[in-house]
Amino acid sequence: MTQEDAFAADLLRGHTDTIVLAVLRRGERYGFEIYKAIRDATGGEHEIKEATLYATYRRLERDGLVESYWGDETQGGRRKYYRITDAGRAVFRGNVAAWVATRRIIDGLLDVRDDRSSTAPSTAKDAR
């Protein structure tokens, strides 16, 4: 893992709750299904460890942001399903608004253009 990968992972780790809430906004899912949705959405570039996700599910449920129930599968083991609550939707919207505002500020501080074609400072003088 490169230093850039480590930084990106740390940045993403701080948004695990919001990422899980985003997945659940699309519909109820069981735990491993949420894991796969996150992995697939990033083309396999990012995975959240299952242990981290299950701790997240417990925290979100404790905080009233998700509800869980046991499915009644006719084959295989029982699965615990999660669904987002109205409070979870409100927290998700607030977190996304905070992310957008933060991204705008950081992009401005780093002189990142909207087209994202260049992340380097525009001149050597700017790099000092």
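Note that the coordinates shown come from a computational prediction; the quantities given were computed from them, not determined experimentally. For the single chain, residues carry numbers from 1 onward in sequence order.
Considering only heavy atoms from C-beta on, Glu47 stays 4.5 Å or farther from Lys36 through its side chain. For the pair Asp17 and Val91, the minimum side-chain heavy-atom distance is 4.5 Å or more. Contact of the Val66 side chain with the Tyr57 side chain is not registered, since no non-hydrogen atoms from C-beta on lie closer than 4.5 Å. At a threshold of 4.5 Å between non-hydrogen side-chain atoms, the residues Ile48 and Tyr35 do not count as touching.
The distance from atom CG of Asp107 to atom CG of Asp111, rounded to the nearest 0.5 Å, is 10.0 Å. Here the OG1 atom belonging to Thr85 is positioned 10.0 Å from the CD atom belonging to Glu61, to the nearest 0.5 angstrom. Atoms CG and CZ, from Asp63 and Arg58 in turn, are 13.0 Å apart once rounded to the nearest 0.5 Å. Rounded to the nearest 0.5 angstrom, Ile34 CD1 and Glu50 CD are separated by 11.5 Å.
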Would you list the atom pairs, donor with acceptor, under 3.5 Å between side chains in residues 20-32 and any protein atom, with sequence neighbours excluded?
{"unit_1": "Glu28", "atom_1": "OE1", "unit_2": "Tyr69", "atom_2": "OH", "d": "2.5"}
{"unit_1": "Glu28", "atom_1": "OE2", "unit_2": "Arg83", "atom_2": "NH1", "d": "3.4"}

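The same ILVMFWY cluster, assembled from side-chain heavy atoms under 4.5 Å apart, contains both Val100 and Ile19.
Considering only residues two or more places apart in sequence or on other chains, Thr42 meets the side chain to side chain donor-acceptor pair (under 3.5 Å) condition with none of them. Listed by chain and number, the residues in a side chain to side chain contact (heavy atoms under 4.5 Å, CB included) with Ala90 are Arg93 (sequence neighbours excluded).
Looking at Arg89 and Asp86, a side-chain N of the basic residue comes within less than 4.0 Å of a carboxylate O on the acidic one, giving a salt bridge. Salt-bridge formation is not detected for the pair Asp72/Arg78: no Lys NZ or Arg NE/NH1/NH2 atom is positioned less than 4.0 Å from an Asp or Glu carboxylate oxygen.
Within the 3.5 Å criterion, the main-chain N or O of Phe92 finds no donor-acceptor partner in the side chain of Thr18.
Closest non-hydrogen pair, Ala87 versus Gly64, comes out as CB-O, 3.8 Å.
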**Item:** His15 and Trp99: CA distance, side-chain angles, deciding distance, side-chain contact (heavy atoms from CB on, under 4.5 Å) verdict
**Value:** CA-CA 9 Å; His15 297 279; Trp99 167 254; 3.7 Å; yes

